[in-house]
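Heads up: the structure comes next, in structure tokens.
Start at 1 with the first residue, then count along the sequence. Each ligand, and each atom within it, is numbered from 1 in the order the structure gives. Keep in mind it's a predicted model, so treat the numbers as computed, not measured.
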Amino acid sequence: MKSVTILGATGSVGTSTLDLIEREPDRFRVVALTANCDVGRLAEAAIRTKAEFAVVADEGCLPDLRDALAGTGIRAGGGAEAIAEAAASGADWTMGAIVGCAGLKPVMAAIEQGGTVVIANKEPLVSAGDVILAAAKRTGATLLPADSEHNAIFQCFDSARPERVRRIILTCSGGPFRDWTIEQMRDVTLEQAVKHPNWSMGAKISVDSATCMNKGLELIEAARLFPIAHDRIEIVIHPQSVVHSLVDYVDGSVLAQLGPPDMRTPIAHTLAWPDRMATPMAPLDLVGIGRLEFEAPDPVRFPALRLAREALDAGGARPAILNAANEVAVEAFLKRRICFLEIAAIVEHTLSCYDPAAPDSVDAVLAIDAKARILAGERVQARQ
Ligand SMILES: NC(=O)c1ccc[n+]([C@@H]2O[C@H](COP(=O)([O-])OP(=O)(O)OC[C@H]3O[C@@H](n4cnc5c(N)ncnc54)[C@H](OP(=O)(O)O)[C@@H]3O)[C@@H](O)[C@H]2O)c1
């Protein structure tokens, strides 16, 4: 039996992970599940899966969690230390599916245990890539990518012969505003931005997909995970979200992974890896899909692509600043405090006024993250 812990168990990725695990109760044993404050959903999942430990990051929710778990024998925890304890619970397989840089310390705690750590939560890898990779190397932890694009690349990339890879091609749906002019995007509503054409996801990543910052973060994530020069990672718009990414070899062969736009396929790949497991996904109906289209991205209408590329190339603290400012700007948009086009503008402004030295530890990354959040927050205030 494989023991599993899910960090961010109540979210979109967490729920997809639980769906797979609950289909095979003889194969997986749940050690710990975490959430921020969704006590109801967390307690239900913990009881259904007979988890040992359930944790809310928001300590104020702990009394409710204790009540919800009373008499079940499931231990309840609250606060950052309890989340770290859950992450370090020694599970064979840990899913990192917290949203944002809030997942950094929990992911690091999981990596310290060794074992397999699955990265859906891309923001820590963007902000603290070097620190995370160094920790994984030191502890022997195996990092597996759950993001559909990176999982696709992982399945196609010949890591024994990286020098034979010519390019990585990251596909991008283009989001709900792929065909919109900048003029049209001025009036984007929150409801339009969170409605992704192909994927059902949490609010933050849905907005990131609409601005294309998600693809920018994924560009940086790909550069962290795969040994290839930055300028050999390309982005191509693929509106159908069927080809999840491609690897181009020196002999002209291009390997791609295809599948339905459902996170259960890449998550299942990491759950069973190096084996495979069945999922409820219907076979891909290529004739029904009919057309697979590809087009060039537009960094003018979607400046987040340019900002992320520049941050990746500059390195050091730039990706952490990009990510922190984006988290603040997206949060402000979700609270209807700024308009859609201001998200990238706030990120660009924050990058322009803060340029610290490269971080070499988790604490240094978090200090940069905190300062960038203050600067971005001031910009949000100034825009209102
Ligand atoms: N959704 C996708 O299809 C998808 C695909 C690829 C990658 N990802 C990445 O996976 C991560 C999760 O995305 P998602 O769409 O699943 O997000 P989501 O639906 O918003 O879920 C986020 C999860 O994190 C928890 N959480 C939020 N803030 C927290 C905090 N400060 N401390 C601890 N836990 C916290 C939430 O708990 P509550 O429910 O209690 O708030 C929830 O369990 C993101 O980094 C995203 O970029 C997502």
Distance from atom 38 (P) of ligand 1 to nearest protein heavy atom, with residue and atom = T10 OG1, 3.4 Å

For atom 46 (C) of ligand 1, grab the closest protein heavy atom and report residue, atom and distance to one decimal in Å.
-> I205 CD1, 3.9 Å

Using non-hydrogen atoms of the residue, decide whether K204 is closer than 4.0 angstrom to ligand 1.
-> no

Geometric cation-pi criterion R164 and Y249, 6.0 Å radius, 45° cone | no

Among pairs that include at least one residue of residues 325-339, which meet salt bridge (charged side-chain N to carboxylate O under 4.0 Å, His left out), considering only residues two or more places apart or in two chains?
-> E191-R336, E327-R373, E331-K335

Taking all non-hydrogen atoms of both residues, which atom of G100 and which atom of P124 are closest, and how far apart?
-> O-CD, 3.7 Å

Proximity winner for atom 17 (O) of ligand 1, if only heavy atoms of V126, V99, I83, L217 are counted = V99

Evaluate the ring planes of F177 and F340, with Trp represented by its six-membered ring, and classify them as parallel (under 30°), tilted (30 to 60°) or perpendicular (over 60°).
-> perpendicular

Mind checking whether E123 has an N or O less than 3.5 Å away from an N or O of ligand 1?
-> yes

Check ion pair R75-E85 (N to O, under 4.0 angstrom) = yes

Which atoms from ligand 1 have a heavy atom of A57 less than 4.0 Å away?
-> 32 (N), 33 (C)

Under 4.0 Å from one or more heavy atoms of A97, ligand 1 contributes atoms 12 (C), 22 (C), 23 (C), 24 (O)

Heavy atoms of L20 and A268 approach each other most closely as CD1-N, 3.6 Å

What residue and heavy atom of the protein are closest to atom 1 (N) of ligand 1, and at what distance?
-> S12 OG, 3.2 Å

Before signing off on this row, confirm whether W199 and ligand 1 have an N or O atom pair separated by under 3.5 Å.
-> no

Are the side chain of T171 and the backbone of V243 linked by a donor-acceptor contact shorter than 3.5 Å?
-> yes

Could you pull out the closest heavy-atom pair between P63 and G60, with the gap in Å?
-> CD-O, 3.5 Å

One finds that the ligand 1 atoms under 4.0 Å from a non-hydrogen atom of N121 are 10 (O), 11 (C), 45 (O)

Atom indices of ligand 1, in the order listed, that fall short of 4.0 Å to a heavy atom of G8 | 23 (C), 24 (O), 43 (O)

Where is the nearest protein heavy atom to atom 4 (C) of ligand 1: which residue, which atom, and how far?
-> V13 CG2, 3.5 Å

Residue, atom and distance of the protein heavy atom nearest atom 31 (N) of ligand 1 read A102 CB, 3.5 Å

Can S253 and D251 be counted as having a side-chain donor-acceptor contact under 3.5 angstrom?
-> yes

M201 and ligand 1 - part of the residue with a heavy-atom distance under 4.0 Å | both

Quick one: nearest non-hydrogen protein atom to atom 7 (C) of ligand 1, plus distance?
-> D147 OD1, 3.3 Å

Identity and separation of the nearest protein heavy atom to atom 15 (O) of ligand 1 = G202 N, 2.9 Å

Looking at atom 21 (O) of ligand 1, what's its closest protein heavy atom, distance included?
-> G11 CA, 3.1 Å

Is any N or O atom of C37, backbone or side chain, closer than 3.5 Å to an N or O atom of ligand 1?
-> yes

Pair N198-S173, side-chain donor/acceptor within less than 3.5 Å = no

Under a single-linkage rule joining Ile, Leu, Val, Met, Phe, Trp and Tyr whose side-chain heavy atoms are separated by less than 4.5 Å, which residues share a cluster with I374?
-> none

